[in-house]
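The basis for the numbers below is simple: all heavy atoms, side chains too, and nothing from hydrogens, waters or symmetry mates. By convention in this document, chain letters (A, B, ...) are assigned in the order of the sequence lines, proteins followed by strands, and residues within each chain are numbered from 1.
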Number of protein chains: 2
Amino acid sequence: MSSNLTKKQKISLNTALSQNGLRSTKQRSSVYSVILAKTDHPTADDVLTRVRKNLPTISLATVYNCLETLVDCGLVRQVNFDRAPSRFCPNLRPHAHFKCKQSGDIFDIALDTKSIESLHAVLPEGFSAENFELSFVGNSL
Amino acid sequence: MSSNLTKKQKISLNTALSQNGLRSTKQRSSVYSVILAKTDHPTADDVLTRVRKNLPTISLATVYNCLETLVDCGLVRQVNFDRAPSRFCPNLRPHAHFKCKQSGDIFDIALDTKSIESLHAVLPEGFSAENFELSFVGNSL
DNA sequence: CTAGGTGCAAAAGGTTTGCGGTTAA
DNA sequence: TTAACCGCAAACCTTTTGCACCTAG
């Protein structure tokens, strides 16, 4: 097996791809499956290593291209901390990120509707935001 | 004149530098003065262009080094949107950023104490943040 | 005088692109 | 069949670094 997607995941991938006029390939499935399998916010390079267990000949360029495709299709989110390598995340609900200074780990922080509203409330008249990014750096126990 | 710092600004620069065991140079003054002069969040390359009006021989590497020094001294903040070139900002008070999709302009969004508290309130038990970044993308009128 | 800073050029590091061959539909 | 995709390598772009010269203190 070149990927471990559930039937549902396979369907949502293929739907999203075909809605965008894109093909379903084993590279895209494998990359998607790796992103879903472990939500530890891997970099492209991490994804390469993991995908190669199933698809030993995949290239880094293809990983980047697949990730971009998945992000464009709205299946995956790209997370940036400063200028560090981009990380990728299958959590599509609005959430913040917390980076632990000690371990370097990145955690998702759930945001309820009320929090999201109060976030947008900081914007003065005349500003309307389509997206936001909220990230913290600190220590976790 | 190689820079247009006010007396106060000159003092705070020199104080910060000497507190960190660093020298006052005309390159550092000029870069600092450019950052203070126009708070439009210039990139390192923008800063290079502007500083060269006063200091035609300054190199891009020196601009990067000076900016890093100023950031380390706490006089300037580095602002990143995704993986776009870093931008620099003299606003030291806690604030968010808003990037206008149409113009590409970046605006500072002031944050009052209450907003900052409610931001931190999204963190679950066990997480304590030293820093946060909040940025919006959308349209402004 | 001398440690630290500058300018230059080269390297680094992440990401993107061009191209010839491969594959999904 | 054929447009889209892949793998490879080279290019790209921002940022950092090494080194010889210069300068603030």
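- A donor-acceptor pair is defined here as one N or O able to donate and one able to accept, closer than 3.5 Å; such a pair exists between the side chain of B/Thr49 and the backbone of B/Asp45.
- Between B/Thr57 and C/dT6, a side-chain N or O to OP1/OP2 separation shorter than 4.0 Å is absent.
- Look at CG on B/Leu48: it is 14 Å from P on C/dT6, rounded to the nearest Å.
- A/Asp105 and A/His41 share no side-chain donor-acceptor pair at under 3.5 Å.
- For A/Thr25, no side-chain nitrogen or oxygen approaches OP1 or OP2 of C/dT23 to under 4.0 Å.
- A straight line from CG of B/Leu55 to P of C/dC8 spans 12 Å, rounded to a whole angstrom.
- Protein chain A contacts DNA chain D from D/dA3 to D/dT15, reading 5' to 3' and using non-hydrogen atoms of the protein with a distance under 4.0 Å.
- In the region residues 61-69 of chain B, proximity to DNA chain D at under 4.0 angstrom, judged on heavy atoms, holds for B/Ala61, B/Tyr64, B/Asn65.
- Cluster membership for A/Phe81 and B/Val122, using ILVMFWY side-chain heavy atoms within less than 4.5 angstrom, is not shared.
- The phosphate of C/dG14 (OP1 or OP2) has no side-chain N or O of B/Arg83 nearer than 4.0 angstrom.
- Taking atom CG on B/Leu17 and atom P on C/dA3, their separation rounds to 20 Å, with Å as the unit.
- For the pair B/Leu22 and A/Gln27, both in contact range of DNA chain D, the more 5′-proximal nearest nucleotide belongs to A/Gln27.
- The side chain of B/Ser59 places no N or O atom within less than 4.0 Å of a non-bridging phosphate oxygen (OP1 or OP2) of C/dC8.
- Note: CG (B/Leu13) to P (C/dG5) measures 13 Å, nearest angstrom.
- Looking at heavy-atom distances under 4.0 Å, B/Leu60 makes contact with a base.
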Quiz: residues 131-141 of chain A side-chain donor-acceptor pairs under 3.5 angstrom, not counting sequence neighbours:
from: A/Asn139; atom 1: OD1; to: A/Gln102; atom 2: NE2; distance (Å): 2.9

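- When the C1' atom of C/dA24 is taken as reference, atom CG of A/Asn14 falls 12 Å away, rounded to whole Å.
- Contacts of A/Glu130 classified as salt bridge (charged side-chain N to carboxylate O under 4.0 Å, His left out), with partners at least two apart in sequence or in another chain: B/Lys101.
- Not one N or O on the side chain of B/His120 forms a donor-acceptor pair closer than 3.5 Å with the backbone of B/Ser118.
- When the nearest nucleotides of DNA chain D are assigned to B/Phe88 and B/Arg23 by heavy-atom distance, the more 5′-ward of the two goes with B/Phe88.
- Shown here are the side chain to side chain donor-acceptor pair (under 3.5 Å) partners of B/Arg50, two or more places apart in sequence or in another chain: B/Asp40.
- Listed by chain and residue number, B/Thr25, B/Leu55, B/Ile58, B/Thr62, B/Cys66 satisfy the side chain to side chain contact (heavy atoms under 4.5 Å, CB included) test with B/Gln27 (two or more places apart in sequence, or in another chain).
- No contact: A/Thr43 has no heavy atom under 4.0 Å from any strand.
- When all heavy atoms are compared, the tightest approach of A/Leu22 to A/Thr69 is CD1-CG2, 3.6 Å.
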